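Remarks on the structure that follows.
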Amino acid sequence: QVQLVESGGELVQVGASLRLSCAASERISEHALAWWRQAPGKEREWLAVINWRGSIRDYTDSVKGRFTISRDNTKNTAFLQMDSLRPEDTAVYSCAGHRSPFGEGFAVGDAQAYGSWGRGGQVIVSS
């Protein structure tokens with residue numbers, strides 16, 4: 001499985017913006033990529049997914065309009081732009097990859113559908 005490494009997490013103030021990066025160890029042009037997060041004491045939550053071409057994106061309602069997922073296949077990297085951050089966005093953010101060479105659909109909100117995971121990075125939003 002492709003190795004994924006997140007970066008960009010830090011402590012920010014309410015209302016700030018932050019961009020997370022997810023660097024892959026190899027070509028990811030056949031992978032759908034997603035961002036997840038897990039807050040203290042809560043279950044892991046799916047946030048967003050982007051298909052291999054970057055032409056299809058989907059978001060969970062709690063981040064729709066504030067977060068933007070993107071990717072650069074030439075750099076084997078995915079991104080999560082987070083704007084208007086709130087204290088409830090505090091969590092460990094992880095990226096995940098699902099290999100779909102033919103662009104077939106899958107259950108984007110099912111963690112078991114992803115074969116590759118990064119270790120995650122901490123984002124803290126302070127009020």
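Throughout, residue positions are numbered sequentially from 1 according to the sequence presented. In this text the structure is predicted, and so the values were computed from the model without any measurement.
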request  = May I have the step-by-step check of side-chain contact (heavy atoms from CB on, under 4.5 Å) for Met82 and Leu20, ending in yes or no?
outcome  = CA-CA 8 Å; Met82 305 187 293; Leu20 304 181; 3.8 Å; yes

More than 12 heavy atoms from other groups under 6.0 Å of [atom1] on [X]:
| X | atom1 | answer |
| --- | --- | --- |
| Lys64 | NZ | yes |
| Arg57 | CZ | yes |
| Glu104 | CD | yes |

query = Any luck finding a side-chain donor-acceptor pair between Ser55 and Arg53 under 3.5 Å?
reply =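 Judged by distance alone, the side chains do not pair up.
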
query = For residues Asp83 and Ser17, is any side-chain donor paired with an opposing acceptor at under 3.5 Å?
reply =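 Present: a donor and an acceptor within the cut-off.
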
ask   = Does any non-hydrogen side-chain atom of Ile28 lie less than 4.5 Å from one of Leu33?
value =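 Of all side-chain heavy-atom pairs linking Ile28 with Leu33, at least one is under 4.5 Å.
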
query = Given side chains that start at C-beta, do those of His31 and Ile50 come closer than 4.5 Å, heavy atoms only?
reply =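 His31 does not reach Ile50 side chain to side chain.
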
I'd like to know if the side chain of [X] reaches the main chain of [Y], judged simply by a donor and an acceptor atom lying under 3.5 Å from each other, with no hydrogens or angles considered.
| X | Y | answer |
| --- | --- | --- |
| Asn51 | Ala32 | no |
| Ser25 | Gln3 | yes |
| Gln122 | Ala91 | yes |
| His98 | Ala113 | yes |
| Glu6 | Cys22 | no |
| Ser94 | Trp36 | no |

Going from [atom1] on [X] to [atom2] on [Y], what distance comes out if it is rounded to the nearest 0.5 angstrom?
| X | Y | atom1 | atom2 | value |
| --- | --- | --- | --- | --- |
| Leu4 | Tyr114 | CG | OH | 12.0 Å |
| Phe79 | Asp72 | CZ | CG | 5.5 Å |
| Asn76 | Arg71 | CG | CZ | 9.0 Å |
| Gln81 | Arg19 | CD | CZ | 7.0 Å |
| Gln13 | Ile124 | CD | CD1 | 11.5 Å |
| Cys95 | Arg119 | SG | CZ | 13.0 Å |

inquiry  = For a side-chain contact (heavy atoms from CB on, under 4.5 Å) check, start with the C-alpha distance between Val123 and Leu18, then their side-chain angles and the critical distance, and finish with the verdict.
reply    = CA-CA 9 Å; Val123 172; Leu18 201 58; 3.9 Å; yes

query = Is there a chain of hydrophobic side chains (I, L, V, M, F, W, Y, each step under 4.5 Å between heavy atoms) that links Trp35 to Leu85?
reply =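 Same hydrophobic cluster.
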
query = Between Phe67 and Tyr93, what is the ring plane arrangement, given parallel below 30°, perpendicular above 60°, and tilted in between?
reply =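 Geometry flag for Tyr93 against Phe67: tilted rings.
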
request  = Any chance you could lay out the side-chain contact (heavy atoms from CB on, under 4.5 Å) test for Val14 and Val125, step after step, and finish with the verdict?
outcome  = CA-CA 6 Å; Val14 169; Val125 183; 4.1 Å; yes

task = Please report the closest heavy-atom contact between Ile69 and Tyr59, naming both atoms and the distance.
result =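 Minimum heavy-atom contact is N-OH, 3.0 Å.
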
key: Gln1 versus Gly115, closest heavy-atom pair with distance   =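 Gln1 and Gly115 have their closest heavy atoms at CG-O, 3.4 Å.
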
query = Under the 6.0 Å and 45° cation-pi test, does Arg44 pair with Trp117?
reply =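 Yes; both conditions hold, so Arg44 lies above the ring face of Trp117.
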
ask   = Could you go step by step and tell me if Arg66 and Arg86 meet the side-chain contact (heavy atoms from CB on, under 4.5 Å) rule?
value = CA-CA 10 Å; Arg66 298 191 300 124; Arg86 307 166 179 169; 3.4 Å; yes

